[in-house]
2 protein chains.
Amino acid sequence: MNKKSATIYDISNKLNVSVATVSRALNDHPRISEATKELVRKTAKEMNYKQNNLAKALKSGETKNVGIIVPYINTNFFSSVIRGIEEELSPLGYHVIICQSHEDVNIEKRQLNTLLNAQVDGIFMSVSKTTTDISHIQSIIDTSNTPVIFFDRKKDISGISTVTIDDYRGGYMATEHLIKEGYKNICHFAGDLNLEIYQNRLNGYKQALADHHLPVKEDNVIFTGSSIEEGTEAIKKLWSKKSVPDAIFSSSDFAALGACQELKKRNIKIPQEVAIIGFSNEPFTQFMELPISSVDQTPVLMGKMSGQVFLESVKENGSGVSIEKKVVLTPQLYIRKSSKRK
Amino acid sequence: MNKKSATIYDISNKLNVSVATVSRALNDHPRISEATKELVRKTAKEMNYKQNNLAKALKSGETKNVGIIVPYINTNFFSSVIRGIEEELSPLGYHVIICQSHEDVNIEKRQLNTLLNAQVDGIFMSVSKTTTDISHIQSIIDTSNTPVIFFDRKKDISGISTVTIDDYRGGYMATEHLIKEGYKNICHFAGDLNLEIYQNRLNGYKQALADHHLPVKEDNVIFTGSSIEEGTEAIKKLWSKKSVPDAIFSSSDFAALGACQELKKRNIKIPQEVAIIGFSNEPFTQFMELPISSVDQTPVLMGKMSGQVFLESVKENGSGVSIEKKVVLTPQLYIRKSSKRK
DNA sequence: TTGTAAGCGTTATCAT
DNA sequence: ATGATAACGCTTACAA
């Protein structure tokens, strides 16, 4: 059995018509008689003909593939964004290629090149924590027509569209919620300020305090990563001081979880003595015996919007113009037991 | 600025050498002088030459893309398997294309065709719950050389390699653990028996009971899906009967969680009155205030092994032979508070 | 060591 | 309505 699939030449030979006719018939070209169309389609099916997309792509320049670069794929947030992109683009015949940067700017750089090399029609990315120099991304804009779309973790590069949530507002909402519940000495677990998202959450936190005439103490801002351990460490550090906070707004759900665990160990009651609210609305936050309040980033929607922005820029590319889009989604506050005193 | 990227013809023109020489120089062909190689490489860089992989793929028949079909991407298990595959294959220049079947055999069928159409070098898949008829998969084997690898949720098709965990053993281990902790009336939340994995877990459960001379009661097997709600429903059903179980082995962590919540509502103490153990070792199981025991499926390893099996079959394809591989991984028991009475 | 030219499977531009 | 042929960008057997 020969597993090499049939080409339009094979059909052309069998039917004694030219390849051009076969190609046109298969593409439902208007100036081909219905009779030959029918005949070609029939024999194509008989011969188990499969169109070679590679050849088509080589001609058209479109691969119908898009690339996505994320730090890691197996977190709820990123896999949900990917799901959104896939669901938006798949019905239009696009395929989604996934790459992980492992939070390493050098890998990110390599993945970017390899995607470009794979001739993708567009690239979606969330930059790594170690991405400070952005020349590798800038150069894509300068040297290729491949549209790049940042989602969530963006950098300011002219010509690149972005889809983000309003992290400032998320920080503001979370903090204001704590204030309204009567907490007065609210501290913040801040993330890596190299990323705008963490800067914005921090700024939202500060502004909410200021707007409600509460002092903004630099001592109340603890820099932590996104791990459980760093959450417990932060509590140890805070509780070694003279004055302890009565609420925590953490920019990471995992750090919030670590804080919960450490507070429990110290027999400190949540939310009576200390309130906690996290960020990302990771699935586990709602499953806990003491469910943790959190700010949802609507990741699937973020993916879908990113897909739409890409489609628009593909359309524009044809018409010569290219407009930079900035989509900002509204975060959703999920208030649970960990921050409800009233 | 012209963003159309340079080809080997452009280099060939500029240097007054043939395209063949350029191609060979770029591919480090042994019979090209070091001088010209150097020259070609230099000007290639200057002209910002990027190899067109499409053209290369059209010639070679290899796209260096592989496809993955999973029910959903945004669960810990599947995204972790994907991560494993990506990490194994990415260093060899492969790209990973993701598709979701949404547990629908018709979508699965379409995705399969579209991947084949995209000329992927291999396909990894975990079949959907609704996949009973497998002719669409069988036909790939018959009509193409594209290797297919099943992971986790497999079907018995000759010629297809599989990477799974020993679900039978997983079920046996979990049940035996409960028995050794002194539980005697153990029930099982079984999944959709259309999938082998759930059949095997059920069989492992039954055998463990039999081996320890405990009665296997059909009443103690409740069929549930993988949701929290179905877990709570199962408890309601069980506790409406005259005799209630003192332990639950759930084939799903989510159903186990639902059970925990419902038992707690009824003031039934875990693990004193009832023990619970789940399956999959979802992240949330360890974060809970009452951590749930579970059986880990080593998903990242499963992905890596799948990648290796694929690489082997690519190698074999060249040599004409094709050996069907069956990799079976050992599940890991994670014993936590929810099932420790002693 | 380097050049010529065919071929991978399509689509599109001319003709007819 | 259909055919001949060039082109997409690359690799490679055959020549020189």
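The chains referred to below are lettered A, B, ... by the order of the sequence lines, with proteins before strands, and numbering in each begins at 1.
Rounded to a whole Å, the NE2 atom of B:H29 is 13 Å from the P atom of C:dG3. Per the geometry, CG belonging to B:N53 stands 9 Å off P belonging to D:dC10, to the nearest Å. We find that CG of A:L58 is positioned 6 Å from C1' of D:dG9, with the value rounded to whole Å.
Using a cut-off of 4.0 Å between Lys/Arg side-chain N and Asp/Glu carboxylate O, A:D28 and A:K37 are scored as salt-bridged.
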Using the 3.5 Å cut-off, write out each protein N or O paired with an N or O of nucleotides 13-16 of chain C and the distance between them.
{"residue": "C:dT13", "atom": "O4", "partner": "A:R24", "partner atom": "NH1", "Å": "3.2"}

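Sorted by first and then second residue, the salt bridge (charged side-chain N to carboxylate O under 4.0 Å, His left out) pairs involving residues 72-87 of chain B (not counting sequence neighbours) are B:R83-B:E87, B:E87-B:K304. Pairs passing the ring-ring contact (aromatic ring centres under 6.0 Å, His included) check and including a residue from residues 109-141 of chain B, sequence neighbours excluded, read B:F124-B:F310.
Listed by chain and number, the residues in a side-chain hydrogen bond (donor to acceptor under 3.5 Å, both in side chains) with B:T131 are B:E108, B:S128 (sequence neighbours excluded).
Over its full length, the helix from C:dT1-D:dA16 to C:dT16-D:dA1 turns its helical axis through 40°, comparing axes from the five pairs at each end and rounding to 10°.
Listed by residue number, the members of residues 32-46 of chain B with any heavy atom below 4.0 angstrom from DNA chain C are B:I32, B:S33, B:T36.
In this model, a side-chain donor or acceptor of A:K59 finds a partner on the base of D:dA7 within 3.5 Å.
Neither OP1 nor OP2 of C:dG9 sits under 4.0 Å from any side-chain N or O of B:Q119.
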